[in-house]
Amino acid sequence: MNPLLDFSDLPRFDAVKPEHVTPAVDTLLRENRTVVAQLEAPMADVTWDNFVVPLENSTEKLGRAWGVVGHLNAVMDTPELRAAYNENLPKVTEFWTELGQNLALFDKYKALKSSASYASLTPARQKIIDNALRDFRLGGAELPEEKKTRFAEIQERQAALSTKFSENVLDATNDYALIIDNEAELSGLPQDAIQAARTAAEKDGKPGYKFTLHFPSYFPILQYADDRKLREAIYRANVTKASELGIKPEWDNTEIINELLKLRDEEAKLLDYNNFAEVSLVPKMAETPPQVISFLEDLAKRARPFAEKDLTELRDFAKTEFGIDTLQAWDVAYASEKLREKRYAFSEQEVKEYFPEPKVVEGLFRVVQTLFKVDIKPDSAPTWHKDVKFFRIERDGRLIGQFYLDLYARKGKRGGAWMDDARGRRKLGEEIQTPVAYLTCNFSEPVVVDGKAKPALFTHDEVITLFHETGHGLHHMLTEVDELSVAGISGVEWDAVELPSQFMENFCWEWDVLQHMTAHVDTGGHLPRALFDKMTAAKNFQAGLQTLRQVEFALFDMRLHFDYNPHGKNTVRDLLDEVRKQVAVLIPPEFNRFQHSFGHIFAGGYAAGYYSYKWAEVLSADAYSAFEESLALTGSVLSIETGLKFLQEILAMGGSRPALESFKAFRGREPTIDALLRHSGMTT
């Protein structure tokens, strides 16, 4: 049996091969089109059971199978799998576009909405019907036939371009190697970074030290290398990848970006919107592009004095300590780390030694288990790589969710960190199909030193990343909604979906959390309170600069899809320069091609939505302040009472009601920006 067609339980990752993809996709598309044809036929009475259920049953299988293929393409890229993925992507995209434009199905959803039975449906089912009507309109269902054809072509082309954008970034990342023969050139680098580079070279059968453009490999050079030319070399390679300044012309994303923007603009005009940003905001909390721009500009205005102060201090320090008259982009991380060490008397490397992987994961699980009254236990399942771990979540001995944990960077794995769903929760008869999630990161793998295996060590930023992705996973797995389309993260407004993830980050700054998730890699001792106090004192180090950087990305994204003319004489770089002139205090060098690897907006679904991180951070900081109130009352931030309320009003509800309603049910009021500014140290 084709493992991609086996939906009896968990994906059979140990059995899936590239040659399974096309037969599985063709079979599922044929089955789905048969079901759609049956549902298009006239019905005396359209009901939830005779219309929505069979449609969801059929499309869920296609979504799950293609989800496995897409996941493998992201974490275990091979030429064969890539070819199979690209061969089938147009077919899958075509089907979803056809479905979104099917007037017969659209009419049946409208009939359900206007039927007498609509009022008796659960709020979750009503929300699904309302969302479906909205999505049909956004999918071009009301377009005349000739425009539908063009709309479908646009969707297929966008899907292909987004995939190619990611492939170019991945290929450029995988292809680059900086070989250092003399260890003396690595002065300043931590020993574990040097050892990892040595191991990477040995795997290639070469002497010396190998550095790549995977984050755990190149960033230690920027942060610690005393050799300024070495820092410049790796910086330049990283910020020019997949551009016209990169290694190979065929990996240049310039024309892909230009074509994507033109296609998105055309899509918006076909749907009778002024621009793609308006289309993007229809299913989000924010109402208009000017509202988002105003939010971002206000945040930039509040952050700017702090950012200017940060930059002045950094420039003065770099000049005094290192004789750097003009601070360059490749000096920023290095000088910042040295300034942090001098001001707060600790280094990130010192902190890292207290965060071995087993202890961090154990501490993370402790937080989740305490707050939400669940148990997390090791579990077994077929996986795609030997390093992947699998766990189950139980409540009162009953399975409620499972997840894969894939922590390490490797060749063939897309960079960054993300959560995705392998299976959603839904009620099937008397049974509950439990949700399954992928939690994926790109941290340094364990190394062997002097013949002794050492656990992977995480920076505190990496610990925060792990908590962030786990927050997404909890949103998916702890849902109590029984309807697939609004269970977990499904149906949640995009600019609210970061609430649980950013909320979880806050626990990484609490003493009663960290003392249970740290153990020195050599001595086993807990993180000293004195070091923790230095970390918290440094928490908002350069917060102004970091905030402006995120605002810069978000404003660039929004304006790119709002008031930028992709057919005009100005280029994408011109707009980025304009945005930087408006909000940034630290301007990158002319050769920086950040936009060429900005996968969030060109390949990751965040187009005209990158502002969501800051928008949701207002919600998450305000939500977390409820736990800070518990800390003041009880001496512990791990309040079970508050945790269970957060679970019931936000995590459990999924997308079954508007996110603002869920937030207000938890906090008893509308969100305010005060907590975000306070957490960021940007209050006077």
**Student:** Within the 3.5 Å criterion, strictly below it, is a donor on His679 or Glu628 matched to an acceptor on the partner's side chain?
**Tutor:**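 Present: a donor and an acceptor within the cut-off.
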
**Student:** Applying side-chain contact (heavy atoms from CB on, under 4.5 Å), name anything that partners Lys614, two or more places apart in sequence or on another chain.
**Tutor:**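 If we apply the side-chain contact (heavy atoms from CB on, under 4.5 Å) test to Lys614, skipping adjacent residues, the hits are Phe295, Leu299, Thr547, Gln550, Glu617.
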
**Student:** Do you know the tightest heavy-atom contact between Pro356 and Leu457?
**Tutor:**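 For Pro356 and Leu457, the tightest heavy-atom pair comes out as CA-CD2, 3.8 Å.
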
**Student:** Measure from the side-chain N and O atoms of Asn570 to the backbone N and O of Asn565, and report whether any donor-acceptor pair falls under 3.5 Å.
**Tutor:**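 Checked: no pair found.
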
**Student:** Under a 4.0 Å threshold between the charged nitrogen and the carboxylate oxygen, would Asp577 count as salt-bridged to Lys581?
**Tutor:**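 Salt bridge absent between Lys581 and Asp577.
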
**Student:** Between Ser294 and Pro290 (side chain of the first, backbone of the second, donor and acceptor by atom type, cut-off under 3.5 Å), is there such a pair?
**Tutor:**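 No, the answer is negative, given that no donor and acceptor are paired below the 3.5 Å cut-off.
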
**Student:** Checking Ser625 against Arg678: is there a side-chain donor and acceptor pair closer than 3.5 Å?
**Tutor:**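 Their side chains do not contain a donor-acceptor pair, so the 3.5 Å distance test is not met.
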
**Student:** Return yes if a side-chain donor-acceptor contact under 3.5 Å exists between Tyr218 and Asn238, otherwise no.
**Tutor:**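 Short answer, yes.
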
**Student:** Does the side chain of Ser501 come within less than 4.5 Å of Met419's, by heavy atoms?
**Tutor:**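 No, their side chains stay 4.5 Å or more apart.
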
**Student:** Mind checking the CG-CG spacing from Leu631 to Leu638? Nearest 0.5 Å is all I need.
**Tutor:**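 Between Leu631 CG and Leu638 CG, I get 9.5 Å after rounding to 0.5 Å.
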
**Student:** Checking ring-ring contact (aromatic ring centres under 6.0 Å, His included) for the pair Tyr606/Phe598: CA distance, chi angles, key distance, verdict?
**Tutor:** CA-CA 10 Å; Tyr606 275 85; Phe598 196 3; 9.1 Å; no

**Student:** Any chance you could measure Leu484, atom CG, to Ile128, atom CD1, to the nearest 0.5 Å?
**Tutor:**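 With rounding to 0.5 Å, CG (Leu484) is 7.5 Å from CD1 (Ile128).
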
**Student:** Are the ring centres of Phe458 and Phe443 closer than 6.0 Å?
**Tutor:**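 Yes, the ring of Phe458 comes within the 6.0 Å limit of the ring of Phe443, centre to centre.
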
**Student:** Taking the six-membered ring where the residue is Trp, are the ring centres of Phe503 and Phe646 under 6.0 Å apart?
**Tutor:**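 Yes; Phe646 has its ring centre under 6.0 Å from that of Phe503.
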
**Student:** Check side-chain contact (heavy atoms from CB on, under 4.5 Å) between Lys319 and all other residues, then give those that pass, not counting sequence neighbours.
**Tutor:**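 Testing Lys319 for side-chain contact (heavy atoms from CB on, under 4.5 Å), a comparison that skips the adjacent residues, returns Asp325.
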
**Student:** What I'd like to find out is whether the side chain of Phe553 reaches to under 4.5 Å of the side chain of Tyr611, using heavy atoms alone.
**Tutor:**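 They are not in contact (no side-chain heavy atoms under 4.5 Å apart), so the answer is no.
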
**Student:** Indicate yes or no: at least one non-hydrogen side-chain atom of Gln595 is less than 4.5 angstrom from one of Arg573.
**Tutor:**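 In short, these two side chains touch, coming nearer than 4.5 Å.
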
**Student:** Are Glu483 and Arg425 within salt-bridge range, i.e. N to O under 4.0 Å?
**Tutor:**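 The answer is no: the pair does not qualify as a salt bridge.
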
**Student:** Once you round to the nearest 0.5 Å, how far does OG1 of Thr459 lie from CD of Gln223?
**Tutor:**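 Rounded to the nearest 0.5 Å, the OG1-CD separation comes out at 8.0 Å.
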
**Student:** Would you name the heavy atoms of Ala608 and Lys284 that are closest together and state the gap between them?
**Tutor:**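 Taking Ala608 first and Lys284 second, the nearest heavy atoms are O-CE, 4.4 Å.
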
**Student:** Can you confirm whether the side chains of His526 and Gln515 place a donor and an acceptor under 3.5 Å from each other?
**Tutor:**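 Side-chain D/A pair, His526 to Gln515: absent.
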
**Student:** Nearest 0.5 Å, what's the CD-OG1 distance between Glu353 and Thr518?
**Tutor:**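 Here the rounded value is 13.0 Å.
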
**Student:** Do the non-hydrogen side-chain atoms of Leu619 and Phe663 ever get within less than 4.5 Å of each other?
**Tutor:**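 A side-chain contact under 4.5 Å exists here.
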
**Student:** Would you say the side chains of Arg414 and Ser166 form a donor-acceptor pair under 3.5 Å?
**Tutor:**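 No.
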
**Student:** Is Glu493 reaching over with its side chain to a backbone N or O of Ala659, donor-acceptor style, under 3.5 angstrom?
**Tutor:**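 It does hold such a pair.
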
**Student:** With distance as the sole criterion, is a donor-acceptor pair present between the side chains of Glu267 and Gln158 under 3.5 Å?
**Tutor:**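 Indeed, the side chains of Glu267 and Gln158 share at least one donor-acceptor pair under 3.5 Å.
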
**Student:** Under 3.5 Å, side chain of Lys413 to main-chain N/O of Tyr408, donor-acceptor pair present?
**Tutor:**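 A pair under 3.5 Å: yes.
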
**Student:** Identify whether NZ of Lys or CZ of Arg in Arg231 sits under 6.0 Å from the centre of the six-membered ring of Tyr334 and within 45° of that ring's axis.
**Tutor:**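 Yes, a cation-pi geometry holds between Arg231 and Tyr334.
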
**Student:** Return yes if some donor-acceptor pair links the side-chain N/O of Asp420 with the main-chain N/O of Tyr438 below 3.5 Å, else return no.
**Tutor:**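 Pair absent, no side-chain N/O of Asp420 close to backbone of Tyr438.
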
**Student:** Counting N and O atoms only, with roles assigned by atom type, does the side chain of Thr479 sit under 3.5 Å from a partner on the main chain of Ala487, one being a donor and the other an acceptor?
**Tutor:**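 No, the answer is negative, given that no donor and acceptor are paired below the 3.5 Å cut-off.
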
**Student:** Does Asp375 pair with Arg395 as a salt bridge, N-O distance under 4.0 Å?
**Tutor:**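 So Asp375 does not pair with Arg395 through a salt bridge.
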
**Student:** Is the closest side-chain donor-acceptor distance between Asp512 and Ser636 under 3.5 Å?
**Tutor:**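 Yes, side-chain donor-acceptor contact under 3.5 Å.
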
**Student:** With a 3.5 Å distance limit and no angle check, can you tell me whether Asp495 reaches the backbone of Met285 through a side-chain donor-acceptor pair?
**Tutor:**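 It does hold such a pair.
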
**Student:** Under 3.5 Å, is there a donor on one side chain and an acceptor on the other for Glu337 and Ser347?
**Tutor:**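 No.
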
**Student:** If we ignore hydrogens and angles and just use 3.5 Å, is the side chain of His561 paired with the main-chain N or O of Pro289 as donor and acceptor?
**Tutor:**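 Side chain of His561 to backbone of Pro289: no pair is present.
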
**Student:** Show me the pairs that pass side-chain hydrogen bond (donor to acceptor under 3.5 Å, both in side chains) and involve residues 363-373, at least two apart or across chains.
**Tutor:**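 Sorted result for residues 363-373: Arg366-His516.
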
**Student:** Are Arg667 and Glu649 close enough, and set up right, to give a salt bridge (Lys or Arg N to Asp or Glu O under 4.0 Å), and what steps lead you there?
**Tutor:** CA-CA 9 Å; Arg667 285 302 269 145; Glu649 300 296 355; over 6 Å; no

**Student:** Within a 6.0 Å radius of atom NZ on Lys309, are there more than 12 heavy atoms belonging to other residues, nucleotides or ligands?
**Tutor:**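 Not more than 12 within 6.0 Å, no.
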
**Student:** Which distance, rounded to the nearest 0.5 Å, do you find between the CG of Leu474 and the CD1 of Ile650?
**Tutor:**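 Those atoms lie 12.5 Å apart.
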
**Student:** For Leu644, is there any backbone N or O sitting under 3.5 Å from a side-chain donor or acceptor partner on Gln648?
**Tutor:**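 No: the side chain of Gln648 does not pair with the backbone of Leu644.
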
**Student:** Please examine the side chains of Ser280 and Trp494, heavy atoms only from C-beta on, and report whether any two atoms are closer than 4.5 Å.
**Tutor:**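 The answer is no, as the side chains (C-beta and beyond) never meet within the 4.5 Å cut-off.
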
**Student:** Specify the closest pair of heavy atoms between Val481 and Ala652, including all atoms of both residues, with the distance to one decimal.
**Tutor:**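 So the minimum-distance heavy-atom pair works out to CG2-O, 3.3 Å.
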
**Student:** Any side-chain to backbone donor/acceptor pair from His476 onto His472? Under 3.5 Å, distance only.
**Tutor:**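 Side chain of His476 to backbone of His472: no pair is present.
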
**Student:** Got Met504 and Gln502 here, is their nearest side-chain heavy-atom distance under 4.5 Å?
**Tutor:**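 Sidechains of Gln502 and Met504: no contact.
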
**Student:** For the residue pair Tyr613 and His600, confirm or rule out a side-chain donor-acceptor distance under 3.5 Å.
**Tutor:**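 There is such a pair (donor and acceptor under 3.5 Å, judged by atom type) between the side chains of Tyr613 and His600.
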
**Student:** Can you find a side-chain donor-acceptor pair between Ser485 and Ser490 that sits under 3.5 Å?
**Tutor:**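 Short answer, no.
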
**Student:** To check you understand the geometry: which heavy-atom pair defines the closest contact between Asn274 and Asp265, and what is its length?
**Tutor:**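 For Asn274 and Asp265, the tightest heavy-atom pair comes out as O-OD1, 4.4 Å.
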
**Student:** So, taking the atom named CG in Leu560 and the one named CZ in Arg264, what distance separates them when rounded to the nearest 0.5 Å?
**Tutor:**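 If I round to the nearest 0.5 Å, the distance is 8.0 Å.
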
**Student:** Begin from the C-alpha positions of Tyr610 and Phe556 and carry the test ring-ring contact (aromatic ring centres under 6.0 Å, His included) through to its verdict.
**Tutor:** CA-CA 9 Å; Tyr610 195 81; Phe556 167 63; 9.9 Å; no

**Student:** How close do Gly473 and Leu439 get, counting heavy atoms only, and between which atoms?
**Tutor:**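 Residues Gly473 and Leu439, closest heavy atoms: CA-CD2, 4.0 Å.
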
**Student:** Run the numbers on Lys301 and Glu297 for salt bridge (Lys or Arg N to Asp or Glu O under 4.0 Å), then give the verdict.
**Tutor:** CA-CA 6 Å; Lys301 183 179 178 182; Glu297 289 177 342; over 6 Å; no

**Student:** May I ask you to test the Arg559-Tyr564 pair for a side-chain heavy-atom distance under 4.5 Å?
**Tutor:**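 They are not in side-chain contact.
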
**Student:** Applying salt bridge (Lys or Arg N to Asp or Glu O under 4.0 Å), run through Arg134 and Asp130 and close with a yes or a no.
**Tutor:** CA-CA 6 Å; Arg134 175 200 70 201; Asp130 293 345; over 6 Å; no

**Student:** Any side-chain heavy atom of Met517 within less than 4.5 Å of one from Glu362?
**Tutor:**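 Contact flag for Met517/Glu362 side chains = no.
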
**Student:** Write down the atom of Val637, the atom of Leu371, and the distance for their closest heavy-atom approach.
**Tutor:**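 Val637 and Leu371 have their closest heavy atoms at O-CD2, 4.5 Å.
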
**Student:** Please tell me whether His71 and Tyr404 form a close aromatic pair, meaning their ring centres lie under 6.0 Å apart.
**Tutor:**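 Ring centres of Tyr404 and His71 not closer than 6.0 Å.
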
**Student:** Using a strict cut-off of less than 4.0 Å between a Lys/Arg side-chain nitrogen and an Asp/Glu carboxylate oxygen, indicate whether Arg304 and Glu552 qualify as a salt bridge.
**Tutor:**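 Salt bridge flag = no for Glu552 with Arg304.
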
